[in-house]
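Below: the structure, in structure tokens.
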Amino acid sequence: MKSESQFETQTIEIENIIIEFIYSRNIKDFSYHLSGLPHMHMAYELHFILDGECPICVDDFNYMLTKNTVCIVPPKTNHYFPEHTHRCEGFGMMMSVNYNKEVKQITKSPAGLDKLPEMFNEFTAIEGNEKIEKYIHDFISAYKNKGFGHKCVKRSALTLIFFALLDELGDYKCLKTNSVVNAEQNDNFMLDTYIMNNYYKNISLQDVSKAMGFSSTHTGRIIKKHYGMSYSALILNLRMELAQKKVLSTDNSFSDIAQSVGYDSYNGFGMAFKRYFGKSPEQMRLDGK
């Protein structure tokens, strides 16, 4: 007799798009036990943080997911959840999006689905969307209670979550030019974009300030408020986390690693690494084998 699969699937067809959600049918609680190993999938990975906070590393960049955040990890994107002591409750699911095989080319869509590939092509974390939050809790309620019609309720909730994501992502892609966006939110978005794309280079606070269009003093205040630390501490943390990953997961020379995370020489990098981790890069690599 064939045993029941531990996964449940919900399929939704909208216009020429087939969306399939896959999630575990055996979640006993929503405490998050996540993979600490880098990996990738051929489908989208969705994570919903219900309470607490949880770090995630995506393509060598680190993000902190907080309560009522949903994140989307695109296919073929390297990611993992670092070991942490934060309390976190949430759940994840896989989502595949395919065109109907009978339709050779997707046309202009009233629902905006023709723009779906470009909207879902990068890691995204969405915070504080009340609609998404409500639909997620509707899904969880049906998942837990499994009362009459619970499958229909889950399917309906997933459909609404999908369209709420489309609405949110349509705005997300326009953050730089949308005048309705709160000025502080826009500053933080520009700051994240610049720093995450350049922190491993030899950039100074003045370089960041110039890119932001502010004075160094004002930029330093924004960084302190947004990240909770000074510019120098932020850059050091980002560089050391990337350096640690390269030391442990590659055979690159330490000089090459030093240059790849923004240091001109191995001596300066080696001293900073030992101060940060309490051991040299050589010792860390030996300990990791």
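Values in this document were obtained by computation on a predicted structure and should not be read as measured data.
Taking the side chain as every heavy atom from C-beta outward, Lys279 and Asp287 approach each other to under 4.5 Å. Counting heavy atoms from C-beta outward, Val58 and Asn78 have side chains that stay 4.5 Å or more apart. Inter-residue side-chain proximity for Ile56 and Phe123 is flagged as met; some heavy-atom pair is nearer than 4.5 Å. Side chains of Phe21 and Thr9 form no contact here, defined as non-hydrogen atoms less than 4.5 Å apart. Looking only at side-chain heavy atoms (C-beta outward), Ser260 and Lys246 come within less than 4.5 Å of each other. Two residues are said to be in side-chain contact when any heavy atoms from C-beta on lie closer than 4.5 Å; Ile195 and Leu234 meet this criterion. Counting heavy atoms from C-beta outward, Glu45 and Ile72 have side chains that stay 4.5 Å or more apart. Annotation: side chain of Val261 is not in contact with side chain of Leu238 (no heavy-atom distance under 4.5 Å).
Rounding to the nearest 0.5 Å places CE of Met95 at 7.5 Å from CD1 of Ile19. Annotation: the span from Asp207 atom CG to Lys201 atom NZ amounts to 10.5 Å, rounded to 0.5 Å. Here the CG-NE2 distance, from Asn68 to His137, works out to 5.5 Å after rounding to the nearest 0.5 Å. Between atom OG1 of residue Thr69 and atom OH of residue Tyr63 there is a gap of 13.5 Å, rounded to the nearest 0.5 Å. Separation of atoms NZ (Lys67) and SG (Cys54) is listed at 15.5 Å; rounding is to 0.5 Å. The distance from atom CD of Glu127 to atom SG of Cys71, rounded to the nearest 0.5 Å, is 11.0 Å.
Arg239 forms no cation-pi arrangement with Tyr199, by the criterion of a distance under 6.0 Å to the ring centre and an angle within 45° of the ring axis.
When all heavy atoms are compared, the tightest approach of Ala142 to Lys154 is CB-CG, 3.6 Å. Between Leu50 and Gly90, the shortest heavy-atom contact is CG-CA, 3.8 Å. Among all heavy-atom pairs drawn from Ile132 and Ala164, the shortest one is CG1-CB, 3.5 Å. Residue Thr77 comes nearest to Val73 through the heavy atom pair CB-CG1, 4.0 Å, listed as atom of the first residue, atom of the second, then distance. Closest approach of Cys57 to Asn62, counting heavy atoms only: CB-OD1, 3.5 Å. What you find for Ala258 and Ser265 is that their closest heavy atoms are CB-O, 4.1 Å.
One N or O on the side chain of Arg285 and one on the backbone of Val247 form a donor-acceptor pair closer than 3.5 Å. Although no hydrogens or angles enter the test, the distance criterion places no donor-acceptor pair under 3.5 Å between the side chain of Thr219 and the main chain of Ser216. Under a 3.5 Å cut-off, the side chain of Arg155 and the backbone N or O of Thr11 do form a donor-acceptor pair.
Looking at Asp256 and Ser253, their side chains do bring a donor and an acceptor atom within 3.5 Å of each other. Using modelled atom types, one finds no donor on one side chain facing an acceptor on the other under 3.5 Å when comparing Ser230 with Lys224.
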For Phe162 and Ile12, run side-chain contact (heavy atoms from CB on, under 4.5 Å): C-alpha distance rounded to whole Å, both residues' side-chain angles, the deciding distance at 0.1 Å, then the answer. CA-CA 10 Å; Phe162 180 77; Ile12 302 164; 5.7 Å; no
Margin query: With side-chain contact (heavy atoms from CB on, under 4.5 Å) as the criterion, how do Met93 and Ile22 come out once you've worked through the C-alpha distance, each side chain's angles and the decisive distance to 0.1 Å?
Written below: CA-CA 6 Å; Met93 63 176 66; Ile22 304 173; over 6 Å; no
Can you list the steps and then say if Leu46 with Leu165 is a side-chain contact (heavy atoms from CB on, under 4.5 Å)?
CA-CA 11 Å; Leu46 275 62; Leu165 288 173; 4.1 Å; yes
Show the numbers, then the answer: is there a side-chain contact (heavy atoms from CB on, under 4.5 Å) between Tyr231 and Leu236? CA-CA 9 Å; Tyr231 171 75; Leu236 177 65; over 6 Å; no
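Annotation: Tyr23 is in aromatic contact with Phe139 [ring centroid separation under 6.0 Å].
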Could you pull out every donor-acceptor pair under 3.5 Å between side chains of residues 269-277 and any protein atom, sequence neighbours left out?
from	atom 1	to	atom 2	distance (Å)
Tyr276	OH	Asn237	OD1	3.2

